[in-house]
Amino acid sequence: MTDTILITGGAGFIGRYVAQACLERGHKVRVLDSLIEQVHGNRNQSEGLDPDVEVVVGDVRDEAALLRALKGATKVVHLAAEVGVGQSMYAVDRYVSVNDYGTAVLFQQLIDNPVKRVVVASSMSIYGEGLYKDADGRIHEDVVRVPRRSESDPWDPLDDQGRPLIPVPTPEWKKPALASVYALSKYVQERLTLTLCPAYGMEGVALRLWNAYGPGQALSNPYTGVLAIFASRLHNGQPPMIFEDGRQRRDFVHVEDVAQAFVLALEHENAPGGVYNVGSGQDRTVSEVAELLSQAMNRPMAPEIAGKTRIGDIRHCIADIGRIQQELGYKSRKDFAEGLAELAEWVAKQEAKDLVNEARKELEARGLVA
Ligand code: UD1
């Protein structure tokens, strides 16, 4: 059955892929997007969006814009959000306003204009530190990062005997541990969706995304994901700047696989009420991705290792994607090397302003890099 799907934040990196995937499934797609400059620069509103997508320009906090955007919609994908973990620690009012108040306004409108299903983009950030095991194989769920007191302190969290803990894939049952304003705001979005949908006869689904990457990332936004930042640095002949020691682990998931997860969450009969991790199922260190990317871009350049932490960052969090595979039939399709090669090819054709040093200064001036 085809639907009319409203995608808030749908002109953004992930939204454009979700829009495309929904069109390919035969749905009608409408996008509500404020096209903020930090993300979109001076881009034309329809750039990167299929001409079949209807675009409503407006802020998710603007009731009138939302009402227009919701007209005739049967399902909603809620992606509109501020996305920088580091920036969220100083632009607190903006992050809480867009992410949480924005979601509240959306639901206020949905109460009077209900849809069948709402899929919200939550984030792996809500876990805080991921799941760990110790040298004896015991699982640790409550690991909290403590600030290093000296240069000789290890980067990895330790168990009570002082042994480094080993990251293991984090499943959905791990309790949230909200380590940044961004994480807190994403958790609020997720809970608003899963609390309000059933109360008003709607189906709610939350996807906890890991680190999405691919062509179309916002290259000139210094608060975007690490791969886009590294790509922009390398493209401008600058070495990637790596926080900590570079051995922190994440799961980089190709944006087409993220779009696949959204389509499953929108269509699958098992999805309602569910919370699903979305990753590739393979984890990598930040240093490793810096190196693979510089090879893919043919810009061999040793990264600069900052040896400092960005306040609010977690050390390791890697994805257990068993639930979405089993319940919704998700498959991680894109090979990482192939994904990087495509990203490199796309970046080579872009102009990207490198604003990373300015962003780092903003964080340092506020004591948010230590
Ligand atoms: C990212 C997203 C977040 C999303 C989450 C899960 C951003 C800004 N954050 O969080 O929205 O919810 O994935 O998908 O897109 N790093 C460097 N050098 C840099 C930038 C970052 O070494 O120039 C490091 C960070 O310190 C961190 C790692 O790279 O250790 C990942 O950082 P980042 O890409 O910001 O992602 P997350 O915090 O994992």
Side-chain angles (χ1 to χ4, degrees), residues 8-9 12 14-15 60-61 76-108 110 117-132 140-145 169-200 202-212 223-225 250-251 253 258 261-262 265 271-279 310-321 323-324 368:
T8 71
I14 295 176
V60 70
R61 292 164 294 182
V76 171
V77 172
H78 183 35
L79 284 169
E82 297 280 359
V83 298
V85 176
Q87 192 179 36
S88 78
M89 296 299 281
Y90 70 85
V92 182
D93 49 357
R94 204 169 104 203
Y95 274 71
V96 172
S97 175
V98 174
N99 296 3
D100 296 340
Y101 180 63
T103 307
V105 176
L106 170 64
F107 274 99
Q108 210 61 53
L110 282 170
R117 195 176 287 190
V118 180
V119 181
V120 64
S122 180
S123 163
M124 64 79 161
S125 310
I126 68 142
Y127 292 119
E129 288 297 332
L131 207 61
Y132 287 84
H140 292 245
E141 201 190 337
D142 300 319
V143 174
V144 178
R145 189 167 208 187
T170 300
E172 289 84 351
W173 53 255
K174 186 196 172 286
K175 275 190 298 229
L178 307 162
S180 65
V181 172
Y182 172 76
L184 177 64
S185 74
K186 276 282 150 185
Y187 194 55
V188 171
Q189 289 196 326
E190 176 183 317
R191 288 297 115 184
L192 281 174
T193 305
L194 296 177
T195 305
L196 288 166
C197 279
Y200 288 96
M202 297 182 280
E203 298 168 337
V205 189
L207 298 181
R208 294 177 175 166
L209 309 187
W210 256 260
N211 304 63
Y223 298 101
T224 187
R250 295 288 190 280
D251 180 318
V253 55
V258 173
F262 273 96
V275 168
Y276 296 95
N277 287 343
V278 180
R310 213 169 45 172
I311 307 287
D313 267 353
I314 49 125
R315 176 65 177 165
H316 302 293
C317 192
I318 61 183
D320 180 334
I321 57 169
R323 184 184 284 177
I324 192 167
L368 293 174

> Does a side-chain heavy-atom distance below 4.5 Å link Y127 with E172?
yes

> Using only atom types and a distance under 3.5 Å, with no angle test, would you say the side chain of Y95 pairs donor to acceptor with the backbone of M89?
no

> Does the T8 side chain pair with the main chain of L79, one donor and one acceptor, at a distance under 3.5 Å?
yes

> Can you find a heavy atom in the side chain of Y187 that is under 4.5 Å from one in the side chain of S125?
no

> Could you pull out the closest heavy-atom pair between C317 and W210, with the gap in Å?
O-NE1, 2.9 Å

> In Å, rounded to the nearest 0.5 Å, how long is the span from CH2 of W173 to CG of L131?
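Between atom CH2 of W173 and atom CG of L131 there are 4.5 Å.
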
> So E203 and C197, side chain to side chain contact (heavy atoms under 4.5 Å, CB included) or not? Walk me through it.
CA-CA 6 Å; E203 298 168 337; C197 279; 5.9 Å; no

> Which heavy atom of D251 sits nearest to which heavy atom of A319, and what is that distance?
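Closest heavy-atom pair between D251 and A319: OD2-CB, 3.6 Å.
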
> Would you say the side-chain atoms of S185 pair up with the backbone N or O of V96, donor to acceptor, closer than 3.5 Å?
no

> Mind running side chain to side chain contact (heavy atoms under 4.5 Å, CB included) on M124 and N211 for me, showing each step along the way?
CA-CA 8 Å; M124 64 79 161; N211 304 63; 3.4 Å; yes

> Between the main-chain N or O of E82 and the side-chain N or O of N99, is there a donor-acceptor pair closer than 3.5 Å?
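Such a contact is found between N99 side chain and E82 backbone.
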
> If we only count heavy atoms from C-beta on, is the K186 to V120 side-chain gap below 4.5 Å?
no

> Do you know the tightest heavy-atom contact between T193 and P198?
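Reported closest heavy-atom pair: O-CD, 4.2 Å.
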
> Is there a side-chain contact between V181 and Y90, using heavy atoms and a 4.5 Å cut-off?
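With C-beta onward as the side chain, the pair stays apart.
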
> Find out whether L110 and V118 are in side-chain contact, i.e. whether some heavy atom of one side chain is under 4.5 Å from a heavy atom of the other.
yes

> Might you point out which heavy atoms bring A212 and V258 nearest each other, and give the distance in Å?
CB-CG2, 4.1 Å

> Given 3.5 Å as the limit, does a donor-acceptor pair link the side chain of R145 with the main chain of G128, or not?
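Pair absent, no side-chain N/O of R145 close to backbone of G128.
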
> I need the single residue from V278, L209, V205 that forms a side-chain contact (heavy atoms from CB on, under 4.5 Å) with F262. Which is it?
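Only one option passes, and that is L209.
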
> With a 4.5 Å heavy-atom cut-off, do R61 and S97 have their side chains touching?
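Yes, close enough: below the 4.5 Å cut-off.
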
> Using the side-chain hydrogen bond (donor to acceptor under 3.5 Å, both in side chains) rule, pick out the option among R191, H78, Q108 that qualifies with T103.
H78

> For the residue pair I324 and A261, what are the closest heavy atoms and their distance?
CD1-CB, 4.0 Å

> What distance do Y132 atom OH and T170 atom OG1 have between them, rounded to the nearest 0.5 Å?
8.5 Å

> Using a 4.5 Å cut-off on heavy atoms from C-beta on, say whether the side chain of N277 contacts that of R323.
no

> Is there a side-chain contact between L178 and I126 (heavy atoms, below 4.5 Å)?
yes

> Which heavy atom of A265 sits nearest a heavy atom of A271, and at what distance?
O-CB, 3.6 Å

> Output the distance between atom CZ (R117) and atom CE (M202), rounded to the nearest 0.5 Å.
13.0 Å

> Between the main-chain N or O of Q87 and the side-chain N or O of R94, is there a donor-acceptor pair closer than 3.5 Å?
no

